[in-house]
Amino acid sequence: MLKSAVKIGLYIGKRFRWITYSYLIVVFIVSFSSPYFLMESLVASSVQTFSPLSPPYHNYAVIQYFSMAGFLFALMVLVSAISMANDLRSSALFHLSQPMSRTDVAISWMILTSWAPSVLCVLSIVIPLMCYLPHLPSGILRNFLLLLSQMLVISSIVLMASATRRSWLVLAVCLLLMFFLPFLLATAISIFAPTRYVSDAASIAMAVLYPLMASTTPYNTTLSPTAGAQAAVVLAAVIQGLYLAYFKFRFEVI
Amino acid sequence: MEAIYVEGLTKKFGRTYAVRDATFYVKRGSVTALLGPNGAGKTTTIKVLLGLLRPNSGRVRVLGMDPWTEGVEVRRSVGVLHERPVYPRGFRVRDLLRYVAKLRDLGTESVDRALSLTGLKEYGNTKVSALSRGYLQRLGLAVAIMGDPEVLLLDEPTANLDPAARMEILDLISLLSKELDVTVLVSSHIIPELERICDHAILISRGRVVEQGSLQELAERHGGAVVLEVKVGEPRGLASELISMEGVIGVEIVDGGLLVKLGSHRMKDIEEELVSRGLPVRFRTSSLQDIYTKVVVNAQVSS
């Protein structure tokens, strides 16, 4: 177990140094943009009499901030996932010719593509924000959890796509999940609102795949964002379990 | 005792059979050639032996372990040089070997040993991407011998090398097999060069094992001539004695001994005679190419 952990650490640290650097750059950007959004929020609060928005404009700024973090998260996942697909086609031969198990390689990539981007992104928002606002409102804390579950489920699906070793598929899945699908689902919810069946299916998908986004939509969702987030965590766990099982029992180095 | 034992191995990619019902073994301490034309299933076989590919059916044992389910243990005792080795980018030679040493739980002394055994000591600080093909193969061998493996799997170690580099690599393999006392399975489709280093051969064609055995057995079975390598301090006297013996076709004095060409019918007697005098002997066949042509080409024609 310890030997496996050492190998996973070596694999991640040595082989993928540049990915780690890209994470650090993203964390740096996200962390240092916090004051900007907080200042924006404070300015907005001070001039709220002129603002067309209602008093909780503060939350709006945070949501905006979350969107930027989400975009950076998408970039991190995309970079790692394409690296993974390329690596499984090429230098996996080198690593799996050493006394390293397929599961070690799978866990390394799971950390790089799913856990690290999700947790780093959320922490890079939470830590600087708490420096300015030690007592975060519970609504914002809830949003962090929704964001984390959203990132975990999306990165897990991308991870599964990377296991196919096809970079184009990874890119297509990333673009679909991170840019197009949210809009397609929102459109489906609004267009098919009279047809309950389609609208309900789209809103459930929205709540499970994008719990944070579902919490900001003006529609009454069939599944609450919190329940959606719980389902997202379960779905992410199932996908990652299947991914590990695939590596343990089926993955071959061709 | 076999280092590698394969029974009824079948490996398919989609509907295409890469290896079909292959049964063979590799004796401990031997240098065995896995011979076959391109696409015969040599690389697939080596990947199955290393646990990189899952067999569709059959029983595979490397040092008594199943490579698919006990891959980590198998790879700890097996070193491999792939046909097209891929190395992680951005490494220098010494750093790459240090990385491998860490993956294999070895100390840094193993890095220096691998560098000196493969003649890469002066290239320790060279970037892997700057190495020539010949030196990349040396690096591959250095990676393969890290941690004193019991078995070396070498997949086309001389592919794409110029003749001088090929000879260098073959000499290095021969040296390593003696120095490290390992079992070597080396695949190639270039027969004459393998005759120099191997003592057993497995002939494979279209995924099927069509012939196998020691070079002596193969020569006996297919009527080929055998060359006996004899190490002797004073070769001239023995040469004149041997040339008069029945069954000896020719004798050549080489550095450190003799090469005795024998007809297949008397080889056992002559071998016993030499062994009884305490002389170290090793069989080579001068007609492995003929045997290969006869067996593999016939197999291809008949199928």
Side-chain angles (χ1 to χ4, degrees), chain A residues 1-22 79-80 82-109 111-112 163-167 244-254, chain B residues 11-14 16 18 43-44 46-56 65 67-91 95-106 128 136 139-140 143-144 146-147 149 152-155:
Chain A
M1 193 72 177
L2 184 68
K3 279 183 179 175
S4 265
V6 169
K7 280 173 199 166
I8 289 168
L10 273 170
Y11 189 82
I12 294 171
K14 200 87 165 158
R15 170 73 179 83
F16 304 104
R17 238 179 306 186
W18 64 276
I19 294 180
T20 317
Y21 291 153
S22 73
V79 167
S80 307
I82 288 183
S83 306
M84 173 179 168
N86 290 337
D87 183 77
L88 294 183
R89 275 203 316 270
S90 56
S91 66
L93 183 67
F94 174 82
H95 285 99
L96 287 173
S97 298
Q98 304 306 322
M100 193 168 183
S101 72
R102 295 184 291 274
T103 313
D104 289 344
V105 171
I107 291 174
S108 303
W109 279 116
I111 292 170
L112 282 164
T164 64
R165 293 173 254 212
R166 294 184 179 94
S167 305
L244 287 178
Y246 167 71
F247 266 83
K248 187 167 173 56
F249 300 110
R250 306 287 299 185
F251 181 78
E252 295 181 307
V253 183
I254 297 166
Chain B
K11 176 65 195 166
K12 287 195 291 184
F13 294 108
T16 312
T43 299
T44 302
I46 284 181
K47 284 186 173 177
V48 168
L49 294 177
L50 207 60
L52 299 177
L53 292 176
R54 191 169 56 99
N56 292 91
M65 294 176 279
W68 181 252
T69 56
E70 298 167 274
V72 176
E73 288 73 25
V74 167
R75 291 190 288 270
R76 202 179 295 284
S77 312
V78 174
V80 65
L81 170 65
H82 292 287
E83 185 182 1
R84 289 188 205 96
V86 182
Y87 302 109
R89 276 178 293 174
F91 276 98
D95 293 339
L96 182 75
L97 293 176
R98 275 191 195 140
Y99 177 49
V100 175
K102 280 182 189 165
L103 287 175
R104 288 183 165 267
D105 308 319
L106 303 170
V128 172
L136 274 175
L139 175 62
V143 171
M146 293 285 286
L152 271 180
L153 302 176
L154 310 175
D155 190 6

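Owing to the predicted nature of the structure, the values given are computational and were not obtained by experimental measurement.
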For the side chain of B/Arg75 and the backbone of A/Gln98, is there at least one donor-acceptor N/O pair under 3.5 Å apart?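 Judged by distance alone, yes, a pair lies under 3.5 Å.
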
Look up atom [atom1] in [X] and atom [atom2] in [Y], then write down how far apart they are to the nearest 0.5 Å.
| X | Y | atom1 | atom2 | answer |
| --- | --- | --- | --- | --- |
| B/Arg84 | A/Leu93 | CZ | CG | 10.5 Å |
| A/Ile254 | B/Thr43 | CD1 | OG1 | 13.5 Å |
| B/Lys11 | A/Glu252 | NZ | CD | 3.5 Å |
| B/Leu103 | A/Ser97 | CG | OG | 11.0 Å |

For the residue pair B/Tyr99 and A/Phe94, does the interplanar ring angle fall in the parallel (under 30°), tilted (30 to 60°) or perpendicular (over 60°) class? parallel

Taking every non-hydrogen atom, the tightest pair across B/Arg104 and A/Pro99: CG-CD, 3.6 Å

Interchain contact, B/Leu96 with chain A, by part (heavy-atom threshold 4.5 Å):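 Interface part for B/Leu96: side chain.
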
Would you say that more than 12 heavy atoms from the other residues, nucleotides or ligands in this model lie under 6.0 Å from the CZ of B/Arg54, or not?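 Yes.
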
